Amino acid sequence: MSRQPRPEGAGRCASLEWAMHPSSDALPAAAAPQAAANPLLRNLNPEQRAAVTLAPRHALILAGAGSGKTRVLTTRIAWLITTGQVSPGGVLAVTFTNKAAREMLARPSAMLPVPVRGMWVGTFHGLCNRFLRIHWKRAALPQGFQILDAQDQQAAVKRVVKAMNLDEERYPPKQVAWFIAGEKEEGRRPKDVEVRDEHARRLVEVYQAYEDQCQREGVVDFAELLLRSYELMRDDALLREHYQRRFAHILVDEFQDTNRLQYRWLKMFAGPGSATFAVGDDDQSIYAFRGAQVGNMADFEREFAVGTVIKLEQNYRSTSNVLDAANALISHNVRRLGKNLRTDAGAGQPVRVMEATSDFAEAQWFVDEAKQLHRDGTPLAEIAVLYRSNAQSRVIESALFNAGIAYRVYGGLRFFERAEIKHALAYLRLIENADDDTSFLRVVNFPARGIGARTIEQLQDAARASATSLHASADALAGKAGANLRAFGALLAAMRAASAGLTLREIIEHVVEASGLADYYRTEKEGQDRLENLAELVNAAEAFVTQEGFGRDPADDAEEVLSPLAAFLAHAALEAGDNQANAGADAIQLMTVHSAKGLEFDCVFVTGLEEGLFPHENSLESRDGLEEERRLMYVAITRARKRLYLSFSQTRMLHGHTRYAIRSRFFDELPEHALRWITPKGQRSAYREAWGRAGVAAAAAGPSPEPSFRRGEAAHGIRTGRNVFHDKFGEGVVVTLEGSGSDARAQVNFGRHGMKWLALAVAKLTPVE
DNA sequence: TCGGTTCAGAGTATT
DNA sequence: TCTGAACCGA
């Protein structure tokens with residue numbers, strides 16, 4: 001044993017040095033004695049065991065893909081509790097997704113003989129909701145405050161922009177909502193935003209008006225949940241001390257995905273006596289675009305004076321060919337904490353690489369390959385197709401559909417986002433809170449009850465004038481329109497009265513009928529599905545009440561108990577539900593690389609590996625952007641257990657045009673020994689040979705491209721789809737030809753050098769082939 | 001108020 | 001090419 005555990009408060013340089021060391025011989029020795037005794041620690045490797053049994057102090061666990069991260073996290077919780085180091089009530093465990101949160105609750109419960117009640121396990125938002133439900137008074141919120149999802153938020157912003165008479169062209173609600181969420185996630189209120197120009201000043205005004213509106217209506221958006229809790233902790237010393245004392249152990253999953261506000265939030269809960277156990281992987285940081293700061297890992301080490309960094313590098317998922325590919329690829333990133341995956345699984349199958357002539361052909365090839373795998377015994381559900389962007393799923397779907405193979409696409413509308421569900425929820429929310437204008441506007445005329453756009457405009461004017469909600473202003477309108485409005489108000493009042501004393505299930509059943517929603521969908525041609533969804537909503541509510549007991553815990557000493565309806569509405573906003581029925585069926589899995597994170601499959605196909613698509617063109621300008629794309633590719637590769645296929649296509653239908661593509665630069669970063677090119681001979685493009693280590697000019701004579709590429713014939717022997725060589729930019733593909741004679745120009749995709757327009761009279765372009 | 005037409009835009013996404 | 005949103009006529 002070469003090293004002893006680091007004493008408390010040891011300097012951070014030392015810890016960094018630790019991080020850079022091969023870890024197995026550098027583990028804290030403290031783990032060893034108890035290890036044999038406790039069954040929890042059986043089957044853990046030395047690094048995992050070290051992490052699980054770490055003494056109570058801040059620690060950073062660098063957990064590589066497939067290294068048993070969740071296992072370490074959950075076993076640690078169980079370990080802390082069984083060894084009596086903490087009671088369940090002293091544990092705070094945070095994740096990003098509900099799925100991960102459920103796991104983090106379920107697995108320790110299974111390991112422990114004692115109930116884990118009192119433990120705070122959940123998503124950042126879920127925990128903030130819990131926190132604010134308890135301290136709603138101090139947070140200046142109504143007890144039954146409602147949560148706006150992204151859709152609702154955008155609608156609310158739109159209303160503000162309209163009310164302020166701003167040009168919706170210059171202030172698109174989507175972007176304004178994005179701006180507001182971004183500022184909140186940086187912890188900034190309107191007064192804190194730095195204003196440089198007129199446009200920014202206006203944006204801040206909108207932000208302020210939006211805040212006022214939310215406060216008036218008693219609603220909060222997602223970012224507000226975080227910010228409001230953070231501020232309350234920051235400003236209320238008693239409260240802060242209470243929670244800091246309570247949570248002796250804070251565990252964070254996917255730490256590399258935290259944004260600035262989440263990091264500060266964590267810091268606020270970590271008191272002098274708490275130990276923060278942060279688990280993450282900088283190589284899998286793929287959410288910078290939504291505010292994630294990988295830098296939080298370094299900040300954490302510094303600001304928490306982290307004494308222990310443990311690297312989990314033993315991979316239990318993939319064979320070494322797959323890992324060699326992953327390791328080699330990611331080594332091209334400069335900004336890394338440094339980590340290398342290893343496995344005992346043996347070399348396994350080589351990574352197969354396929355070059356297709358078109359996106360259509362690529363999809364067809366995939367289908368044939370998948371059929372073969374299935375025939376050889378792979379369940380369909382163990383075959384996944386990954387792509388960079390959602391639009392790519394279409395051609396694959398249609399190929400699968402034509403072949404009659406079951407498949408499942410991830411993403412898309414989730415249960416609680418469906419229109420009919422949102423409508424029903426809007427009625428329910430109005431029962432809870434009549435001032436919720438977002439919900440009011442959603443259903444005031446749905447089903448139609450003679451309240452048109454003009455009426456609503458008048459109503460909004462009246463509401464603005466009296467600074468009240470729409471519902472409170474209904475009396476101000478005269479005539480037939482006013483009568484209709486008051487009838488709607490009476491309907492809501494009747495629903496509210498009727499729901500008193502009913503169970504949640506009965507309330508929803510009543511509302512679905514009384515609102516006219518059920519009748520509306522019964523007469524609709526395609527309303528059957530929607531009716532079924534509404535019935536499913538009733539079931540979901542029922543399940544929520546029985547299973548969750550709506551999340552109350554006596555230990556939380558909430559000031560008053562929330563009604564089941566309000567709790568269910570919060571649940572609906574925080575957990576959008578599944579996006580697909582029959583999730584368990586045996587079907588091929590289609591998803592973006594982003595949504596594949598955290599999953600694993602026997603066979604993985606990564607498709608569309610073309611310059612401009614993967615890496616995506618929008619991220620090529622900056623090094624950070626490109627490195628994130630590379631991490632994304634790393635995530636894609638490390639999803640595979642046994643077989644990995646990488647494919648790209650010479651042409652791809654994009655935005656209605658055929659685009660000529662160059663294979664992704666990532667191929668050049670993969671080790672040749674782990675790859676096997678399976679492209680049929682006659683199908684390889686010239687640059688395929690040319691692009692390798694030998695340099696560009698010595699292109700092997702390739703076969704001619706598909707006949708369809710021969711269109712667009714032009715002078716100079718250059719034509720669309722042809723591979724050409726340029727002295728400065730190297731190999732490229734002609735994408736477009738324009739003009740004629742001395743005006744002739746060609747648009748050429750030079751891959752890593754980007755898309756260029758070149759005048760054929762000037763530029764020296766030599767056809768390659 | 002509805003339904004058809006026109007137009008812009010098209011990356012990744014959890015809560 | 002396809003989608004969703006805005007717009008216009010009946």
Side-chain angles (χ1 to χ4, degrees), chain A residues 94-101 122-130 147-155 158 168-169 172-175 178 181 184-185 220-227 229 253-254 257-259 261-262 265 285-292 359-360 386-395 397-398 410-414 416-417 419 445-456 484 570-577 579 591-598 608 612-620 625 628-629 631-633 635-636 652-659:
Chain A
V94 199
T95 65
F96 279 86
T97 66
N98 290 299
K99 194 176 155 218
T123 62
F124 278 101
H125 295 87
L127 293 171
C128 287
N129 178 53
R130 188 168 181 174
I147 299 163
L148 300 183
D149 66 15
Q151 243 178 73
D152 298 331
Q153 192 204 5
Q154 208 178 300
K158 192 169 179 172
E168 279 189 52
E169 299 262 297
K174 208 180 230 156
Q175 281 176 35
W178 179 263
K184 287 188 181 184
E185 280 164 9
V220 299
D221 59 39
F222 286 134
E224 185 71 25
L225 286 169
L226 258 304
L227 185 51
S229 332
D253 190 18
E254 305 280 16
D257 288 341
T258 51
N259 64 34
L261 179 56
Q262 286 158 342
W265 185 95
S285 160
I286 54 172
Y287 284 113
F289 70 92
R290 69 173 197 213
D359 48 350
F360 181 82
L386 310 187
Y387 35 80
R388 175 65 236 266
S389 67
N390 285 305
Q392 291 167 249
S393 76
R394 167 168 274 126
V395 60
E397 280 186 72
S398 85
Y410 280 63
L413 263 198
R414 318 265 290 273
F416 285 113
E417 291 165 356
N445 198 38
F446 192 95
R449 43 177 77 88
I451 302 173
R454 237 196 22 255
T455 308
I456 290 170
N484 286 343
H571 165 81
L574 289 172
E575 181 152 13
N579 48 29
M591 66 193 83
T592 63
V593 181
H594 279 93
S595 36
K597 190 174 160 211
L613 197 58
F614 200 175
H616 197 276
E617 53 199 347
N618 294 358
S619 38
L620 294 182
E628 177 139 325
E629 294 288 304
R631 291 192 292 269
L632 196 53
M633 181 68 186
V635 167
R652 183 169 298 275
M653 202 56 142
L654 210 63
H655 307 334
H657 295 286
T658 301
R659 208 161 93 159

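Every chain is numbered from 1 and lettered A, B, ... according to where its sequence line falls, protein lines coming before strand lines. Computation of the quantities below employed the complete heavy-atom set of this structure, encompassing side-chain atoms and omitting hydrogens, waters and symmetry-equivalent molecules. Remember, it's a predicted structure, so these values are computed and weren't measured experimentally.
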Would you say the side chain of K158(A) lies within less than 4.5 Å of the side chain of E168(A), judging by non-hydrogen atoms? yes

Side-chain contact test, heavy atoms from C-beta onward, threshold under 4.5 Å: evaluate it for L225(A) versus L574(A) and give yes or no.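 The answer is yes; the side chains approach within 4.5 Å.
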
Run the salt-bridge test on R631(A) and E628(A) with the 4.0 Å N-O cut-off and return the result as yes or no.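 Yes, R631(A) and E628(A) are salt-bridged.
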
Q151(A): side-chain hydrogen bond (donor to acceptor under 3.5 Å, both in side chains) partners, not counting sequence neighbours: R442(A)

Residue list, side-chain hydrogen bond (donor to acceptor under 3.5 Å, both in side chains) with E629(A), at least two apart or on another chain: R388(A), S619(A)

Between dT12(B) and dA5(C), how far apart are the two C1' atoms, rounded to whole Å?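 Result for the C1' pair: 23 Å, nearest Å.
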
Touch class at under 4.0 angstrom, heavy-atom based, for N445(A) against every strand present: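 Since only primed, P, OP1 and OP2 atoms lie under 4.0 Å of N445(A), the category is sugar-phosphate.
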
Considering every strand and a 4.0 Å limit on heavy-atom distances, what is the contact class for L148(A): base, sugar-phosphate, or nothing? nothing

Symbol by symbol from the 5' end, with Watson-Crick or G-U pairs under 3.5 Å, [ ] crossing and | another strand, DNA chain B is ||||||||||.....

Residues that [X] engages under ring pair (Phe, Tyr, Trp, His ring centres under 6.0 Å), provided they are two or more places apart:
| X | result |
| --- | --- |
| H594(A) | Y287(A), F289(A) |
| F222(A) | H125(A) |
| F416(A) | none |

Going 5' to 3' along nucleotides 8-15 of chain B, which nucleotides have protein heavy atoms under 4.0 Å from the base (write B), which only from the sugar-phosphate (write S), and which from neither (write -)? --BBBBBB

When you check every protein heavy atom under 4.0 Å of nucleotides 4-10 of chain C, what one-letter string (B, S, -) results, 5' to 3'? --S----

Holding to salt bridge (Lys or Arg N to Asp or Glu O under 4.0 Å), I want the full list of residues that pass it with D152(A), two or more places apart in sequence or in another chain.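 D152(A) satisfies salt bridge (Lys or Arg N to Asp or Glu O under 4.0 Å) with K422(A), R429(A) only.
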
Apply salt bridge (Lys or Arg N to Asp or Glu O under 4.0 Å) to K597(A) and list each qualifying residue two or more places apart in sequence or on a separate chain.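 Counting only residues at least two positions away or on another chain, K597(A) forms a salt bridge (Lys or Arg N to Asp or Glu O under 4.0 Å) with E254(A), D257(A).
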
If you draw a 6.0 Å radius around CZ in F446(A), do more than 12 non-hydrogen atoms from other residues or ligands fall strictly inside? yes

Mind checking side-chain contact (heavy atoms from CB on, under 4.5 Å) for L654(A) and listing every partner two or more places apart, or none if nothing turns up?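 Per chain and number, L654(A) pairs via side-chain contact (heavy atoms from CB on, under 4.5 Å) with R659(A).
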
Can a donor-acceptor pair be found, under 3.5 Å and without considering hydrogens, that links the side chain of N484(A) to the backbone of I451(A)? no

N/O to N/O distances under 3.5 Å, protein versus nucleotides 3-6 of chain B:
none

